Structures are given as C-alpha cells and as structure tokens.
Amino acid sequence: MESYKFDKIEKKWQKKWRESGLFKVDVKNSANKYYCLMMFPYPSAALHVGHGRNYIIGDVVARYKMMKGSNVLTPMGWDAFGLPAENAALKNGIHPKESTLNNIATMKRQMSSWGVEYDWDKEVASCNLDYYKWTQWMFLKLFEKGLAYRKKAFVNWCPSCNTVLANEQVTDGACERCESEVEQKKLEQWFFKITDYAERLLNDLDKLNEWPEKVKTMQSNWIGRSSGVNIDFPIEGTDKKLTCFTTRVDTIYGCSYMVLSAEHPMIDEIIENSPEKERIKKFVNKIRMESKIERLETSVEKKGIFTGRYVTNLITGEKIPLWIADYVLMEYGTGAVMAVPAHDERDFEFAKKYKLPIKVVIDNPNKHLIQEKMTEAYEDEGVLVNSDQFNGLKNTEAMERIADYMEKENIGRRTIHYRLRDWLISRQRYWGAPIPIIHCQKCGAVPVPEKDLPVVLPSDVEFRPTGESPLKNAESFVMTKCPVCAGSAKREIDTMDTFVDSSWYFLRFISPKQDDAPFNKKDVDSWLPVDQYIGGVEHAILHLLYSRFITKVLFDSKLVGFDEPFKRLFTQGMIVKNGAKMSKSKGNTISPDALIKKYGADTVRLYTLFIGPPEKDAEWSDRGVQGAYRFLKRVWTLLDILSKAPSSVKEKGAELETLRKMHQTIKKVTEDIDGNFHFNTAISAVMELVNLIYKVLSEKGADSYSKGTLREVLNNVCLLLGPFVPHIAEEIRQSLGEKESIFRSKWPEFREDMQRADTVVLPVQINGKLKGRVEVKCGLSPEEIKKRVLNDDKVKSYLVNKEIRKWIIIANKLINIVIPTQTTS
RNA sequence: GGGCGAAUGGCGGAACUGGCAGACGCAAAGGACUUAAAAUCCUUCGGUUGAAUAAACUGUGAGGGUUCGAUUCCCUCUUCGCCCACCA
C-alpha cells in the first residue's frame, strides 16, 4: 500500500470535482434547493488561515447538504470596490482595477488549494460594469420611491481618507479604517432613508428565529427604539415654541431648566436680541468646532451657557431658563432636552456646576430622598411627590397618566424615536459605482434614465484624494446633457458607499448574466431567501442591516417575493494568533500555502475545523496541525490493515462493539453538524471510532476484524469525514471499490437498534458521591437493579449499619442511594 | 455607564434536558521498533496524601442558596471579551 501522498490525491480530486460539475447548479430546477452563501470577500492581497476558516466552514456545509440530498447552490464573488485598492494605487501606482483583478486571481487560487469549491459560473465582482450598472439601478429604484434624497448635513469627515464616513464607520470618534480623528463638515450628500424602515427592521427580527440572538440584539440596539413624549415649551416673549423629547415624562414636575444642542436651528433666533449675543455665539461656535472625540469624552466636564431666555413648563406654569450645552446631541430626539437634575445624572452634574435648582419628584421607596443631601441623581423607579394631582402614583403609572393628560391638554404627544439615522451613501472617492444623477441648472438633480445605465466609471482619472471626488476633473465624464431639458448639465461626481454594492449581491448570483434586469424575479423567488448565510460577526450591524433594508424596499416594489434575505445566519469566530486578530499590520498572519504544501489541504481543513467551536474565536497553533495530520495518516493506514484482514472471524465480539460504536458515531456526527455546526466534536467522535479500531487490533490481534466488517466501517468513516476532508475520503473510498463520488452518495443513516449494548455499566452514588459501578442488563426493573446493587461488595461496605432512606434510579444512567449523613456532634 | 457573553488540567477544548467532570487533540513522561534518529505503535498524564497501577480526600473564577445529586438552575461578587455609549 502506498503511503499517504496528499499532493497527488488532492490535485486529482479537485480536477475531478470540477470536470464532473459537482458544484454546478441549474437555477431553473429549484426542487430541494439549498442556497449556501459565504459573505463575499473584499479582494485583498493574500488570504490567511483566518479567512480560510470562513470558506472551509461553508464548504463543509455545502458538501454535507449535497450528501443529504439537497440541490446545493454555493456561489462566490467579490466585493471589489473600495478604499484599500485606491489607497494601494496611490502608493504603488497600479490602477485599482488591475490590482483588484490580480487579488481576485490569487484568492481564487488559494480557495481551490483548500479544496473549497463553488459554482464559478455564477461569479460576480461588484466593480464590473455589468454588476454596478445594477447597483446604479437600485439607486434609481430608491430615488423613485423617495428613499434616496440629498441634503446638506453635518457629516463625519475623515481628513486622512479624505472622505465622508457613515455613522457606522466611525468608532469612538475615529475613522474605522485609518483611526484618524473624524471631523464634522457640512456637505451636500446623498442619503438612503433607512429610517422609514426602522420599525419593520426591528419588528421583523422576530421572524429571524434561526439567527444568533447576539446579532439580533446588536441590530435591535442599533435601531434603538424608545417611546416617550414630545412636549412643547412656549418661548417666553415670542409666539414660538420648543419641543423636546423625553422618555421620562413622569419627571416633568422636576424639570428646572431646558437645554439646547449647539447645532439647534433656532439658536440664532433665540439669541437675536440678547445683549450677550456675541459671547453666546462664540461659545456655540467653539462647541461646534470640537471634534466628536472630545465631545464623546464623558469624563470631560459638561459646558453650557444661559441664553437669557425662558420657556414655560406648561404643566406647572413655571418659567424655566433656557440653556445651550455641549452634552445635548442634535442627532437624537429634537435637539432639545428638558432637564430634570434630580433624576438624570447628566442634568444633575450640570445643575450642580451652574447652580440650577434640583427638585425631587420621584421618591425612593426604600430610602426617602432629601434634596439637599443628594450626591447623585436618583434614576430608578419610585413614587411621585411634588407633582400636584399625580402625587402618590407609581412613576410607571404616572408616565401613562401624565401622557394622557398632556395629549388631552395638547401640551405634548406620545411619540417613538429611533437611534437609527439615515444611511449616508455619498463617497468622495474614485473606486466605486458613480451615483446615477445629473445636476441641471434648470431641473435640479435629475436621475439618469434607466436606458442610459450604466454611468461608466472612467478609467483614466487622476484619483488623488483632494477632499472632492477625483471624478471632478474628468471633464468628459462630468459634462453631459440634462435628460429632461437637454440643456448642458453636470454629472454627480460622488460614488456610492460599497455597502450599497454588497446589499444586493446575493440576488445577482441567481442570474449573474441577466442583461435586461438585475435578476430574474422568478428564479430569485424560487431560490431565496438564502438558506444558510455564513460570515464574520463584524458584519452584524452594517452589512446585514443594509441587506435587510434593500430587500424590504424591493419587496415593497414587488420586485422580489420575500422580505428577509437570510433565513439562517451563522457568524464564525476569528482565528487569533498570540491573542490578537490576524492582520498584516500586526505581522501575525499564518499563510495557508506553506502548510498546505507540507501537510496537504485536508490536514489544514481538519485542524481548522477541529480547533474549537466555529462560532468562537480560536487560537492558532502550528503544533496542533501535526495532530490533524497524524489522524489522517491513521485513517489512511486502515487501508493497509484492511488488505491484510482475514475473510472471516470466529470471535465476533469486537466486530459487534465496533459496529455499535460506528452507529453511535454516525448519530453524533449528524447531530453535531445539524445542530450548530459543532465540527470539532463531530471530528473527535470519528477519532474515537478510529481509536477503537486500533485499540482492538492491538489488544485482540490483527485478525479481530473480517474484511467485510472493516470495509464497512472504513467506508462509513469516509462518508462521515467527507465534508471535512474531502480529498482523502474520496481516495480511500475509491480504493474500497466505490465508483460514485462521496458527494453524490447518501449520508449514512444510523440504526437505533445497532447503537445499544445488552448490558450497561451503571455508576452507583451514595448521597451524590460516586462510590462504585455495577454492570446490569438493559431494561432491568428497579427492584432487580436494587437487588443487584445490594449484592455488590463494594457498595455493601458503605451501607453497613446504615438505613437506606431513598433510591434514585435513572434508567440506563445512574443510581443514587440516600443514607443519613453523619453529623459530628 | 448600558447590553450581551464567557471563566473547566501545562494548553485548545468536551459534558445531551440537573445525573460518572476533563471526551478528542496538543504538549510532557515512559516503553516497543531502529546501529541511531524521524515516523509509527503501546502506556501514563487535574491536585493532595500514598511505595503503589491499593485506598482516601479534594476539584469546573470566589462566596452563598435550591436539590438525593450542580460545570449546568438562582442570588452576590471578581476578572476577561464583544457590542453600544452624554440616546434625554
């Protein structure tokens, strides 16, 4: 028997799978369909083993489902637009298109070397004309529905990347990508009105019962629904009013001042006649200039200034001072806050600093609050005091009663606020899909007619970032005719956020070559939603929320017949090395290429899957790879052992035991994969089975198994290992004389009757502590078991002169005898 | 500050619904084979006491509780991770 030559074997089978079209799918036939999708990657220079985990997991699922009889579609594509390619181009002068295509070729080669296969006929790349044409088409659909709009807005500006960032791309006031401090800039920008869908995006999370709770919670927090009351406060001496949003209307009697955000649009008007006008203006401007990073720093003391004006708290009739402060956000609520220092930490701190009144209106039921002695705000539940007619009510009840009263008196209205804000999609960058809009002096912003799509991204552009889109200087691109009045006009020069590209790609895979529509509706409706989506948890909010949004928009336009794109979601953990995420900058990446060369793809796959539960982060160990290699060699050697096995055996005990173990293993592996992809325990179960064979051979001799039995076991081992280590499994099975590919064969069925032994060893506990074991026949009655246990010498020795209080007998599991405990008196 | 999750040998991790803690793998130690090494095969491997492969005790971050029985459920605390964060 030849030794395990993984290199030869792996090349051979990779070729066979491709030639036989194992992964090719005809979308017209959707019977038994299973759409298994990996998040398509950004084409970066080279993959490391951390990336590999993602594709390997997907490949295992796809191959397993094939064996289970599904018609499995697994396509792959490229999220090919984006900043890194452009930044790299600035450094080394290679055009983003060229470097992107190179990277794609490298990654495809790496994927193949892992034995990870896809239906490559369906490959898409978001930077290709025939793809981004339809991204632009999506924009037009949203524009038609009034869901794409332009407005001048304070935007997050990264001075290093020279572009605007979405809120989602700003972390701790810094650019997610380059970690530069983000500035605020007021610019004319395109937005998608995702806030229109806030309620549905939130409510429909309930439909996603096969998504991880964690991801749903993150989305739910991000959408951030809070219900409260909008309350009007007339401005003293004018006919204007300010409206503020509160979730704690029960504290309205404790409202002792009001605060505006520095960005509040009415500030100029309010301070117009103030003698302190200039001083206030200066203060406001200073706050506006402050970066997000400074303003988010909670440890920094809050700053504010009195406007000189008062507003009326209509429920009490009190005049309260109107302030401007840096701790109020314009983006949330109305940009105006009613301050209740006694019951809000921030207001408390502010009131103490500026000596504003603090009035207790919710008393702590456990410890009476004394205003003068308070050192911090009391934010918990309690009973209303100092609140006129509402005194004595529980604050939760008071919320409803006061809201009712306000609505009746027309002082305020119940309302719901979301933290979610509209999606800013403009990017002042070159390497993206141009926004299909034409600006005409006469007609304004006019959409490019569908028949004129795509708006082609010019290739010969100086794309050095200047703060404006590089497309600005591409005259032949910019200058155009207005589609409405035919007058001369200019094209929009911004490109779209790449998250737009990736929010619909799962549809394009179904009809990647369709040239008169983004996708074929009938086929898409028969293949979607995606049955299994797999990707990193870092996309829990952005990509997954945007994709859900776009799907809902398409659903409302009757362009697709489903309103959630991903039925089941699996988020895999990262592979870390020396405790840190693998990254080029940290220099701790492990390239799969060298490992594959040394041990083969199957070993790398096996180790990657064995390293731990796939949803968790895992620490990479080069040593551990050895163990996987060792195991595969042990399996391979079984072929040799088989060739020397006798044709029959007299003593069948070992065979029976092994067959029993085999059926237990089939059950375990099936359940582990079906459950939550616990490949690590599935693999260890197969290892146990293989270990048992070796143990029997060493203890009972080389002729313990007949050829037939050993062949059957080995065949099943191959079937069970097929999804994990497909090459070696195919090769061994072929050596066993099987003609058909594993992935066109049936997943083994376990036989319930084969799993059980006739006898079982029961642990015997006394007062919950293990004291012995007895072997009994299965299905013995409790009385018979008791008899048997009381006959056991060891157990007996513990029961001398003891009264048995109680027997606990768990069938086929355990026996516990309860006796009086010794008390030392 | 809020939300979610985690904590088990030297290490990665296992334990179904409350029922034999440490499966499986790595590392380590010993043995077989070999002139030798590698590879392979076999054995041992939580801790303490013990000559012991006898036996006992102890043991799943800490403390308490429920239970015949707790890694698992409840309460308090500690540490770590992730997400969100001046969100009214």
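Within every chain, numbering begins at 1; the chains are lettered A, B, ... in the order of the sequence lines, protein sequences first and strands thereafter. The shown structure was predicted, so the numbers you read here are calculated from the model rather than taken from an experiment.
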Problem set entry | Exercise: identify the closest heavy-atom pair between A:Val361 and A:Ser387 | CB-OG, 3.8 Å
Exercise. According to a strict under-4.0 Å criterion, is A:Lys771 in side-chain N/O contact with OP1 or OP2 of B:C57?
Worked result: yes
For this session: Would you please confirm or rule out a distance under 4.0 Å between OP1 or OP2 of B:G3 and any side-chain N or O of A:Lys214?
Result: no
Problem set entry | Side-chain N,O (A:Lys813) to OP1/OP2 (B:C20) below 4.0 Å | no
Problem set entry | Lys/Arg-Asp/Glu bridge criterion (N-O < 4.0 Å) met for A:Glu688, A:Lys695 | no
Seminar exercise, completed: Per atom distances to the A:Lys806 side chain, the nearest of B:C68, B:U58, B:G19 is B:C68
Exercise. Which part of the nucleic acid, if any, lies within contact of A:Val337, taking any heavy atom under 4.0 Å across all strands shown: a base, the sugar-phosphate backbone alone, or nothing?
Worked result: base
Exercise. Mind checking the P distance from B:C45 to B:U34? Whole angstroms is fine.
Worked result: 28 Å
For this session: Under 4.0 Å between any heavy atoms, over every strand shown, what does A:Tyr607 touch: base, sugar-phosphate, or nothing? Just pick one.
Result: nothing
For this session: From the options A:Asp250, A:Thr251, A:Thr246, select the one residue that forms a side chain to side chain donor-acceptor pair (under 3.5 Å) with A:Arg248.
Result: A:Asp250
Exercise. Counting any heavy atom closer than 4.0 Å, what does A:Glu688 reach on the DNA or RNA strands: base, sugar-phosphate only, or nothing?
Worked result: sugar-phosphate
Exercise. Under 4.0 Å: is that the gap between some side-chain N or O of A:Arg346 and OP1 or OP2 of B:C87?
Worked result: yes
Seminar exercise, completed: Quick note, A:Val818 side chain, CB onward, closest among B:C86, B:A23, B:C68 is B:C68
Exercise. NA contact type, A:Asn816, heavy-atom cut-off 4.0 Å: base, sugar-phosphate, or nothing?
Worked result: base
Exercise. Is the distance from OP1 or OP2 of B:C42 to the nearest side-chain N or O of A:Arg634 less than 4.0 Å?
Worked result: yes
For this session: Write down the distance separating the P atoms in B:G65 and B:C80, rounded off to the nearest Å.
Result: 28 Å
Exercise. Are OP1 or OP2 of B:A27 and a side-chain N or O of A:Arg630 less than 4.0 angstrom apart?
Worked result: yes
For this session: Determine the Euclidean distance between corresponding P atoms of B:A14 and B:G50; express it in Å to zero decimal places.
Result: 36 Å
Problem set entry | Under-4.0 Å side-chain N/O to phosphate OP1/OP2 contact, A:Asn691 with B:G25 | yes
Problem set entry | Pairwise P distance for B:A28 and B:C33, with rounding to whole Å | 22 Å
Exercise. Given B:C87, B:A88, B:G12, which nucleotide is nearest the side-chain atoms of A:Thr247?
Worked result: B:A88
For this session: Name the closest nucleotide to the A:Thr681 side chain, picking from B:A15, B:A88, B:C24.
Result: B:A15
For this session: Respond yes when some side-chain nitrogen or oxygen of A:Asn680 is under 4.0 Å from OP1 or OP2 of B:C24, and no when none is.
Result: no
Exercise. How about A:Thr665 and A:Asn716: do any of their side-chain heavy atoms sit closer than 4.5 Å?
Worked result: no
For this session: Looking only at side-chain atoms of A:Arg773, point me to the closest of B:A27, B:C20, B:C68.
Result: B:C20
Problem set entry | Rounded distance in Å between the P positions of B:A70 and B:G64 | 14 Å
Exercise. Which value, in whole Å, describes the distance between the P atoms of nucleotides B:G2 and B:A85?
Worked result: 16 Å
Problem set entry | Pairing residues for A:Glu538 by the salt bridge (Lys or Arg N to Asp or Glu O under 4.0 Å) criterion, not counting sequence neighbours | none
Problem set entry | B:U60 versus B:U72 - spacing of their P atoms, nearest Å | 9 Å
For this session: Verify the contact: side-chain N or O of A:Arg419 to OP1 or OP2 of B:A85, cut-off strictly under 4.0 Å; return yes or no.
Result: yes
